[in-house]
Amino acid sequence: MVNLVRNENMKIYRRARTWILVGFMIALVLFVNIMEWHSDGKQSQSVGWQVELQQEKEHRNELLTKPELSEESRIYNLQRIALIDYHLEKNIPTSVGTMWDGINGSASMVLVITVFTIIIAGDILAGEFSSGTIKLLLIRPANRLKILIAKYISSLMFGMLLLLTLFVVSVTVNGVLFGLGDLNLPLIEVTYDGYIVEKNMVLNLWKTYLLNGVSTILYVSMAFMISSAFRSSIMAIAFSIVALFGGNILLEALQRFDWSKYLLFANTDLTQYLSGRPYHNGMTLSFSIGVLAVYFLAFNLISWLMFTRRDVAA
């Protein structure tokens with residue numbers, strides 16, 4: 001199995017496309033963080049975080065005087081004011097204008113990692129069929145299941161490489177731009193129930209990265225399943241990317257239905273539990289993990305059946 005995984009990794013990293021994807025992601029991280037530093041960093045340093053918070057508090061108090069304000073917006077503004085008061089009373093700076101602002105913002109770029117990993121996973125199996133090299137692969141002593149697992153593991157390893165690259169580049173560039181003076185800065189948030197809590201910034205960051213990584217695994221599994229079933233790289237990549245970006249649109253349309261909480265897209269974003277704002281009231285982290293486990297097993301079972309039971313044309 002180790003040799004099979006090594007062989008698949010050699011195939012992945014020998015292609016120029018792979019390094020183009022890695023290079024593009026690094027360039028994107030640098031660009032986004034430098035632009036963030038140029039806008040938020042300089043603005044925060046010019047007026048100070050206390051002044052910014054006071055201005056925001058005044059603005060939100062003005063919004064609360066408007067009778068047409070919805071109840072949801074009213075609650076949100078009251079929570080923001082309470083959060084501002086906590087920062088000012090405890091003399092705890094916000095993350096705006098610090099290295100954590102850029103690092104936490106970079107966590108949202110896990111979406112880019114998902115897209116790039118889908119491209120690799122969608123082609124790693126179907127590409128063997130389109131090029132005809134699958135017949136050379138299947139004449140080896142290793143059975144089809146081991147070959148399938150090796151390709152799947154290699155796809156996930158590529159995603160892990162991108163995740164590690166994102167973290168290292170983001171920490172490095174933000175540390176250089178903003179300095180390392182705010183390493184011990186806590187993260188202050190308002191829970192769904194309205195309580196103000198202090199969190200460890202590093203721990204929360206890693207939770208965000210890891211929980212976002214779960215989404216990547218599910219969409220890669222989907223691409224792998226489609227690749228195995230239809231033996232088409234284009235179909236596997238296109239359908240998975242459409243599902244990735246179109247899922248949120250579908251969720252908004254179906255949110256009024258209670259059964260929508262069982263959809264894949266309603267559970268892939270596990271970071272909703274960090275903020276305490278799940279897609280549906282009553283949804284829990286263990287519920288979403290259970291739903292995702294069912295989809296994960298289904299995707300991989302279909303991949304196994306399609307790859308091991310179907311004949312390869314001569």
Side-chain angles (χ1 to χ4, degrees), residues 36 39-108 110-111 178 182 184-209 211-212 247-249 251-258 260-261 265-288:
E36 182 78 13
S39 57
D40 292 346
K42 289 191 174 182
Q43 178 182 354
S44 178
Q45 292 172 4
S46 61
V47 299
W49 64 271
Q50 294 95 336
V51 176
E52 283 189 348
L53 290 183
Q54 288 287 0
Q55 292 174 349
E56 182 184 350
K57 182 178 178 179
E58 293 174 3
H59 172 67
R60 295 193 180 278
N61 278 321
E62 291 178 2
L63 291 176
L64 289 173
T65 62
K66 297 182 178 180
E68 68 273 13
L69 193 67
S70 66
E71 185 62 25
E72 183 179 355
S73 298
R74 186 174 301 276
I75 293 174
Y76 175 75
N77 281 284
L78 287 172
Q79 290 179 344
R80 282 296 304 171
I81 291 173
L83 191 67
I84 290 171
D85 288 338
Y86 189 91
H87 275 283
L88 294 174
E89 290 173 6
K90 300 290 185 178
N91 195 32
I92 301 176
T94 62
S95 61
V96 177
T98 69
M99 62 178 292
W100 294 114
D101 193 25
I103 295 173
N104 287 321
S106 296
S108 62
V110 172
L111 181 67
F178 293 102
D182 299 290
N184 296 322
L185 186 69
L187 176 65
I188 314 297
E189 289 186 337
V190 180
T191 65
Y192 184 75
D193 299 325
Y195 295 101
I196 298 177
V197 295
E198 291 189 24
K199 298 181 179 179
N200 182 279
M201 194 75 76
V202 178
L203 182 60
N204 186 79
L205 177 66
W206 270 110
K207 285 182 179 179
T208 303
Y209 271 75
L211 292 179
N212 280 328
N248 290 332
I249 300 175
L251 288 180
E252 291 182 7
L254 300 177
Q255 189 171 13
R256 63 183 183 274
F257 301 108
D258 186 63
S260 63
K261 65 183 179 182
F265 316 113
N267 296 277
T268 49
D269 182 16
L270 295 179
T271 59
Q272 60 185 309
Y273 299 109
L274 289 179
S275 60
R277 291 174 171 82
Y279 173 68
H280 265 297
N281 291 333
M283 288 178 61
T284 62
L285 179 60
S286 58
F287 170 82
S288 289

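Here the structure is a predicted model, which is why all the values come from computation and not from measurement. In what follows, every heavy atom counts, from backbone to side chain, and hydrogens, waters and symmetry copies are set aside.
- By the side-chain hydrogen bond (donor to acceptor under 3.5 Å, both in side chains) test, Ser286 is found to be paired with Thr284, residues two or more places apart in sequence or in another chain being considered.
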Acceptor/donor pairs from residues 81-93 side chains to any protein atom, 3.5 angstrom cut, sequence neighbours excluded:
unit_1, atom_1, unit_2, atom_2, d
Asp85, OD1, Lys57, NZ, 2.7
Tyr86, OH, Glu198, OE2, 2.6
His87, ND1, Ile92, O, 2.7

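- Remark: Leu211 engages Leu270, Thr271, Leu274 in a side chain to side chain contact (heavy atoms under 4.5 Å, CB included) (not counting sequence neighbours).
- With sequence neighbours excluded, no residue forms a side-chain hydrogen bond (donor to acceptor under 3.5 Å, both in side chains) with His59.
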Which atom pairs, donor and acceptor, lie under 3.5 Å between side-chain atoms of residues 64-71 and protein residues at least two apart or in another chain?
unit_1, atom_1, unit_2, atom_2, d
Thr65, OG1, Glu62, O, 2.5
Ser70, OG, Ser73, N, 3.2
Ser70, OG, Ser73, OG, 3.0

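- In this structure Arg60 satisfies the side-chain hydrogen bond (donor to acceptor under 3.5 Å, both in side chains) test together with Glu56, Asn77, sequence neighbours excluded.
- Interatomic distance, CE of Met201 versus CG of Asn184, reported as 10.5 Å (0.5 Å rounding).
- Atoms CG and CG, from Leu111 and Asn212 in turn, are 9.0 Å apart once rounded to the nearest 0.5 Å.
- Of all the heavy atoms in Trp100 and Val202, the pair that sits closest is CH2-CG2, 3.4 Å.
- When the salt bridge (Lys or Arg N to Asp or Glu O under 4.0 Å) test is applied to Lys261, the partners found at least two apart in sequence or on another chain are Asp258.
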Working for side chain to side chain contact (heavy atoms under 4.5 Å, CB included), residues Met283 and Asn267: CA-CA 9 Å; Met283 288 178 61; Asn267 296 277; 3.4 Å; yes
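- A search for side-chain hydrogen bond (donor to acceptor under 3.5 Å, both in side chains) contacts involving Thr268 returns nothing, not counting sequence neighbours.
- The two residues Ala266 and Ser260 come nearest to each other via the heavy atoms CB-O, 3.5 Å.
- For the ring pair (Phe, Tyr, Trp, His ring centres under 6.0 Å) test, residues two or more places apart in sequence or in another chain that qualify with Tyr209 are Phe167.
- Residues in residues 265-275 take part in no salt bridge (charged side-chain N to carboxylate O under 4.0 Å, His left out) pair, two or more places apart or across chains.
- For Ser288 and Tyr279, the side-chain atoms include no donor-acceptor pair closer than 3.5 Å.
- Pairing each heavy atom of Tyr273 with each of Pro278, the nearest pair is CE2-CB, 3.8 Å.
- A search for side chain to side chain contact (heavy atoms under 4.5 Å, CB included) contacts involving Leu203 returns Asn200, Lys207, not counting sequence neighbours.
- When the salt bridge (Lys or Arg N to Asp or Glu O under 4.0 Å) test is applied to Lys199, the partners found at least two apart in sequence or on another chain are Glu189.
- Of the possible polar contacts, none joining the Thr208 side chain to the Ala107 backbone as a donor-acceptor pair under 3.5 Å is found.
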